[in-house]
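Structure first, then comments.
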Amino acid sequence: ATAQWPPPVSQPFERRPKRQLRVESARLGTGSATTEELDLERQLTFNLRDAFNRVLQSKSLLEVSEDNLKYYDELIRVNRERFQAGDIARTDLDRIELQRVQFETDLANARVNLRTAKIDLLALLNDRQQAVDALDITGEFAFRDTILIPQELHQIALDARPDLRSS
């Protein structure tokens, strides 16, 4: 009853350089996670730019569809005058007026595509407060003719791809 037990004191002894190997493994894991984070950021940036470009493209297609419909309405007006003058038959005028439906369909599809592209962009921006129809973006939607030699293009691709460095 009077015996006292001393608290145990222990010191782990490692055989071989296991601690250094664990530290090095942790460093490699951290480096891999860093490059994977950079790759994820690159992918999100690409998706955001793609959504932005799709909105610009859809806006351009909507403008073209509206212009085409206006032009075709003018064509119908001219053909009605031709019909009244007796230059074309009623069936020809009916065919021309019936083809207007295709232009109306193109306009409706352009509106749906623009709305879909805006919804995609808002989803990537994580903006649930803004109304889809209230979103309006501006930017340059034009082709730039820049020619890169294959070696430059390959080097740019390697520099911009952290997933390749990760693997």
Q: Check whether more than 12 heavy atoms from other residues, nucleotides or ligands sit under 6.0 Å from atom CZ of Arg82, and answer yes or no.
A: yes
Q | side-chain contact (heavy atoms from CB on, under 4.5 Å) assessment of Asp127 paired with Gln129 | A | CA-CA 6 Å; Asp127 189 359; Gln129 302 298 323; 3.8 Å; yes
Q.
For a 4.5 angstrom cut-off between non-hydrogen side-chain atoms, does Arg111 reach Asn113?
A. no
Q: Quick one: pull up CG in Leu93 and CG in Leu98 and give me the separation to the nearest 0.5 Å.
A: 11.0 Å
Q. Going from CD on Glu37 to CD on Glu41, what distance comes out if it is rounded to the nearest 0.5 angstrom?
A. 7.0 Å
Q. Measuring from Glu97:CD to Arg95:CZ, what's the distance to the nearest 0.5 Å?
A. 13.0 Å
(Q) Under 3.5 Å, is there a donor on one side chain and an acceptor on the other for Gln57 and Asn53? (A) no
**Q.** Side-chain donor or acceptor of Asp87 paired with backbone N/O of Phe83 under 3.5 Å
**A.** no
Q: Keeping the roles fixed (side chain from Lys70, backbone from Ser65), state whether a donor-acceptor pair exists under 3.5 Å.
A: no
Q: Verify, without hydrogens or angle tests, whether Ser60 (side chain) and Leu56 (backbone) share a donor-acceptor contact under 3.5 angstrom.
A: yes
Q | Side-chain touch Arg42/Leu38, heavy atoms, less than 4.5 angstrom | A | no
Q. Has the side chain of Ser58 got a donor or acceptor atom that lies under 3.5 Å from a matching backbone atom of Arg54?
A. yes
(Q) Within a 6.0 Å radius of atom CD on Gln130, are there more than 12 heavy atoms belonging to other residues, nucleotides or ligands? (A) yes
(Q) One pair to check against salt bridge (charged side-chain N to carboxylate O under 4.0 Å, His left out): Lys59 and Glu63. What are the steps and the verdict? (A) CA-CA 6 Å; Lys59 282 178 67 174; Glu63 290 175 16; over 6 Å; no
Q: Could you tell me whether Arg90 and Asp94 make a salt bridge, using a distance below 4.0 angstrom between a side-chain N and a carboxylate O?
A: yes
Q. Are Ile76 and Tyr71 co-members of a hydrophobic cluster defined by side-chain heavy atoms under 4.5 Å apart?
A. no
Q: Report whether Val112 and Val132 are members of the same hydrophobic cluster (ILVMFWY, side-chain heavy atoms less than 4.5 Å apart, transitive linking).
A: no
**Q.** Joint cluster assignment, Leu75 & Phe103, ILVMFWY side-chain distance < 4.5 Å
**A.** yes
Q) Given Tyr72 and Gln102, is the side chain to side chain donor-acceptor pair (under 3.5 Å) satisfied, shown in steps? A) CA-CA 11 Å; Tyr72 202 75; Gln102 182 177 2; over 6 Å; no
(Q) Is there a side-chain contact between Asn68 and Asp106 in this structure, where contact means two heavy atoms from C-beta onward sitting under 4.5 Å apart? (A) no
Q) Do you know which two heavy atoms are closest between Leu124 and Ala51, and how far apart they sit? A) CD1-CB, 3.7 Å
Q.
Working to the nearest 0.5 angstrom, can you tell me the gap between Leu48 CG and Leu44 CG?
A. 8.5 Å
Q | Leu69, Leu62, Val64 screened by side chain to side chain contact (heavy atoms under 4.5 Å, CB included) with Glu66, the one that passes | A | Leu62
Q. Between the side chain of Asp92 and the main-chain N/O of Ile88, is any donor-acceptor distance below 3.5 Å?
A. no
Q. Among Thr116, Asp120, Leu114, Leu121, which one satisfies side chain to side chain contact (heavy atoms under 4.5 Å, CB included) with Lys118?
A. Leu114
Q. For the hydrophobic clusters of this structure (ILVMFWY residues joined by side-chain heavy atoms under 4.5 Å, transitively), does one cluster hold both Phe52 and Leu61?
A. no
